[in-house]
2 protein chains.
Amino acid sequence: MSKPSHLAPKVRATLTDVAAHAGVSVGTASKALSGTGRMRPETRQRVLDAVRALDFRPNQQAQSLHSGRSWTVGLMTTDGIGRFSTPVLLGAEDALGAGKISVLLCDTRGDAIREQHHLRNLMDRRVDGIIVTGRRTDPRPPLSGIHDGVPVVYALSPSMDPEDISVVSDDAQGCRLAIEHLLAIGRSRIAHVTGPGHHAAAQDRARYTRTLLDEASLELSTGRVHFGDWSEAWGRRAAEAVLRAAPDTDAFFCGNDQIARGVTDTLRERAVRVPEEIAVVGYDNWDTMALAARPPLTTIDVDLTEIGRVAALRLLAAIDENPQPGGVQVPCRLVVRESA
Amino acid sequence: MSKPSHLAPKVRATLTDVAAHAGVSVGTASKALSGTGRMRPETRQRVLDAVRALDFRPNQQAQSLHSGRSWTVGLMTTDGIGRFSTPVLLGAEDALGAGKISVLLCDTRGDAIREQHHLRNLMDRRVDGIIVTGRRTDPRPPLSGIHDGVPVVYALSPSMDPEDISVVSDDAQGCRLAIEHLLAIGRSRIAHVTGPGHHAAAQDRARYTRTLLDEASLELSTGRVHFGDWSEAWGRRAAEAVLRAAPDTDAFFCGNDQIARGVTDTLRERAVRVPEEIAVVGYDNWDTMALAARPPLTTIDVDLTEIGRVAALRLLAAIDENPQPGGVQVPCRLVVRESA
DNA sequence: AGCAACTGCGCAAACCTTTTCCGAGCCCGA
DNA sequence: TCGGGCTCGGAAAAGGTTTGCGCAGTTGCT
């Protein structure tokens with residue numbers, strides 16, 4: 001049952017209505033709006049007046065159907081919209097919104113079936129492009145299935161195919177910031193506590209840390225990297241292990257802020273002064289963690305929003321047929337608070 | 001420059017192609033696919049074969065243009081996509097996805113101008129409905145501007161207009177769960193530490209807490225509610241104030257998990273055993289906080305995902321012209337861990 | 001056998017906008 | 001005064017799908 005028409009007079013004006021109201025043909029009305037074609041100023045004005053009078057707004061769907069562009073991109077996030085994908089997503093949405101492009105959100109929950117399903121849906125909706133983002137920094141298999149000529153950009157989790165466009169965080173530079181800061185404040189007995197060894201983020205940062213210490217002719221205070229998980233509990237346990245194994249440790253570089261916070265908690269309980277006796281540097285700059293820690297954490301800010309923005313810009317370029325294939329590394333920032 | 005056509009033969013088949021391939025007219029092909037209309041089984045089969053041969057998938061845009069339904073809803077989030085709106089969003093996306101509906105994401109950053117802009121955009125795209133969600137539980141002004149016959153559902157932040165459809169968390173029931181649990185484990189000197197008094201979440205929970213204690217002929221151990229902010233630091237400070245003012249306090253009910261965690265940290269430093277001497281109950285069940293606290297927090301789980309899901313279902317009902325106006329309260333769950 | 005009913009399928013309109021093409025009318029100059 | 005050139009605006013098609021209607025052919029009943 002649709003409402004009686006006398007109750008719903010405002011069914012949204014079409015260009016035909018505008019043309020009728022202005023006493024011209026649809027074609028002329030269109031030209032008046034798009035600026036193409038030449039016509040008498042007063043004719044154009046009549047059309048513009050009609051537009052205002054009827055509150056006309058062009059039907060996006062009709063425009064898209066005609067132009068073949070939907071002014072829409074798909075944003076596939078592989079696992080929920082966690083702490084990591086959210087800022088990426090917002091950065092992308094922001095950059096795309098400026099270009100009159102809307103974002104179609106898909107959550108695959110890490111499920112390949114769902115991914116296929118969403119991909120088909122996006123293709124049916126004729127999206128202009130797709131951004132794929134995940135939580136982990138581990139490379140992921142490229143989008144499988146047909147995505148014809150539709151460009152794809154991977155954000156945060158790079159594609160395994162180096163030909164694809166991937167925008168990731170510059171872990172090497174982030175580690176450099178952290179280590180150089182610690183060296184600059186006079187530390188030389190540095191321990192590294194991080195997440196699971198099978199996570200690229202943990203593995204990579206551990207490798208870079210080693211290399212950087214090497215360059216400074218130093219080595220890890222405990223002689224090894226402490227792999228565990230990304231939790232505070234692990235940070236607390238690891239800190240005790242480190243203090244036992246290498247009591248002369250004067251700094252912790254941690255794989256994320258939760259671990260760093262756990263470390264500071266243990267140090268606090270042991271009445272070790274931070275940063276005077278031992279400095280602590282985290283990673284991620286997760287406010288709720290970094291600010292609540294005692295003392296507040298010096299940490300590496302992974303500019304996730306920027307990653308999203310850059311990914312969006314790369315995608316726009318690719319849509320406009322100027323693809324710049326390959327990887328992009330977005331630099332990190334060092335945020336100095338009180339822990340180091 | 002588009003690619004030479006011999007390199008891009010797969011330009012996506014249209015129904016016309018299918019019809020030609022099957023030797024029927026477009027109309028017939030359409031009917032064969034939709035199941036409408038009567039036709040010889042072999043004719044239908046020929047069409048189906050052609051569909052498979054050409055990998056035909058209907059053009060959503062064209063379908064939408066024709067049907068007037070876009071199978072799309074707008075999801076406006078008022079401030080970033082924080083810890084609160086994210087689960088809501090996912091719940092909604094999940095429920096809508098099951099109904100073949102896609103989600104158009106808009107972030108207003110709490111800006112009215114942006115909200116208008118996005119609203120117009122959504123209307124131009126002919127969304128079938130809109131879900132509005134925010135971080136705060138404070139009522140918000142209803143969506144202003146024209147949204148014609150497009151139904152709107154408010155999630156988490158209710159609309160100020162009681163006629164609108166709003167899906168919120170049942171704070172009263174959540175508080176009841178917390179207080180009844182504390183009473184059941186034999187506590188009677190309960191303190192309440194919460195966020196800013198000008199937040200509805202803090203104000204409401206404080207009021208309910210008072211009422212519930214009243215029903216049990218009890219009163220707050222410190223005689224008043226401790227308003228502050230939602231941070232751990234406030235929880236730590238407040239705990240000290242409470243211990244000073246009412247040393248016989250045997251339980252803390254906190255406005256959120258961060259405050260609760262701050263409280264446990266102070267208690268731990270004072271060597272007060274939790275929960276033996278003092279029990280602590282949080283609110284929100286934010287895993288990273290609740291699990292990292294020592295001991296892990298007993299807390300109230302605000303089922304945000306369910307709120308999103310329910311909002312989506314209400315919206316679907318409204319789209320199908322079965323609107324059920326007014327508010328819906330989604331119940332909370334008590335999650336018992338070790339702190340109470 | 002003849003008529004009615006029914007089946008199977010195609011045509012064309014509709015959804016709404018944009019774009020292209022073309023004709024009509026005007027002005028001006030020769 | 002007439003023709004050429006220019007300006008303006010209308011008509012039509014395209015984009016892909018759905019659907020109402022009508023036509024033709026076939027079956028079934030009397």
Side-chain angles (χ1 to χ4, degrees), chain A residues 2 10-48 50-51 54-72 100 123-128 148, chain B residues 2 10-48 50-51 54-72 100 121 123-128 148-149:
Chain A
S2 62
K10 286 287 221 174
V11 266
R12 199 110 253 225
T14 81
L15 193 55
T16 312
D17 301 329
V18 172
H21 192 276
V24 299
S25 74
V26 268
T28 305
S30 172
K31 281 187 237 177
L33 293 187
S34 65
T36 25
R38 291 158 305 205
M39 67 186 58
R40 219 164 15 202
E42 59 258 37
T43 304
R44 181 184 307 275
Q45 194 53 51
R46 274 216 317 285
V47 174
L48 262 46
V51 164
L54 300 176
D55 190 29
F56 166 80
R57 312 215 74 211
N59 184 331
Q60 263 274 355
Q61 294 185 153
Q63 286 183 312
S64 296
L65 178 59
H66 181 81
S67 66
R69 280 198 63 171
S70 64
W71 300 93
T72 286
K100 304 302 237 168
M123 293 309 299
D124 289 349
R125 289 182 184 274
R126 299 293 194 272
V127 291
D128 296 332
D148 297 323
Chain B
S2 61
K10 287 284 219 174
V11 266
R12 197 111 256 220
T14 82
L15 192 54
T16 312
D17 301 329
V18 171
H21 193 275
V24 297
S25 75
V26 265
T28 304
S30 172
K31 286 176 216 174
L33 293 187
S34 66
T36 27
R38 292 157 307 203
M39 67 187 57
R40 223 166 9 204
E42 60 258 37
T43 305
R44 182 185 306 276
Q45 194 54 51
R46 272 214 319 283
V47 174
L48 262 45
V51 164
L54 300 176
D55 190 30
F56 167 80
R57 313 214 73 212
N59 184 332
Q60 263 274 358
Q61 294 186 153
Q63 286 183 316
S64 297
L65 176 60
H66 182 81
S67 67
R69 279 198 63 170
S70 63
W71 299 93
T72 286
K100 304 301 238 167
N121 182 21
M123 294 307 300
D124 290 349
R125 289 181 184 274
R126 299 294 193 273
V127 292
D128 296 333
D148 296 324

Would you kindly give the CZ-to-C1' distance between Arg40(B) and dG25(D), to the nearest whole Å? 11 Å
In the structure I gave you, are the side-chain heavy atoms of Met39(A) and Val47(A) within less than 4.5 Å of one another anywhere? no
Across the strands shown, which category fits Ser64(B) at heavy-atom distances under 4.0 angstrom: base, sugar-phosphate, nothing? nothing
So Ser30(A), base contact, sugar-phosphate only, or nothing? Heavy-atom distance under 4.0 Å. base
Atom-pair distance (CG on Asn59(A); C1' on dA14(C)), nearest Å: 14 Å
Take the protein atom CD of Gln60(A) and the nucleotide atom C1' of dC15(C), then report the distance between them rounded to whole Å. 16 Å
Hey, are the side chains of Val18(A) and Leu33(A) touching, using non-hydrogen atoms and a 4.5 Å cut-off? no
Between Arg57(B) (CZ) and dT17(D) (P), how many Å, whole number? 12 Å
So, do Leu54(B) and His21(B) sit near enough that their side-chain heavy atoms are less than 4.5 Å apart? yes
Ignoring hydrogens and angles, are the base of dG10(C) and the side chain of Lys31(B) linked by a donor-acceptor pair under 3.5 Å? yes
Would you give the length of the straight line joining atom CD of Gln61(A) to atom OG of Ser67(B), rounded to the nearest 0.5 angstrom? 7.5 Å
Identify the heavy atoms of Arg12(A) and Met123(B) that sit nearest to each other, and give their distance. NH1-CB, 3.8 Å
What does Ser67(A) touch in the nucleic acid at a heavy-atom separation under 4.0 angstrom: a base, only the sugar-phosphate, or nothing? nothing
Whole-Å distance, Met39(A) CE to dG10(D) P, equals 9 Å
Between Val26(B) and Arg46(B), which has a closest nucleotide on DNA chain C that is more 5'? Arg46(B)
Once you apply a heavy-atom cut-off of 4.0 Å, does Thr28(A) come out as touching a base, just sugar-phosphate, or nothing? base
Starting at CZ of Arg69(A) and ending at C1' of dA14(D), how long is that distance when rounded to a whole Å? 19 Å
Just compare dG8(C), dT17(D), dG10(D) and give me whichever is closest to any side-chain atom of Pro58(B). dT17(D)
Nearest listed nucleotide, side chain of Thr14(B), among dT17(D), dT18(C), dG10(D): dT17(D)
Rounded to the nearest Å, what distance is computed from the CZ atom of residue Arg38(B) to the P atom of nucleotide dC6(C)? 9 Å
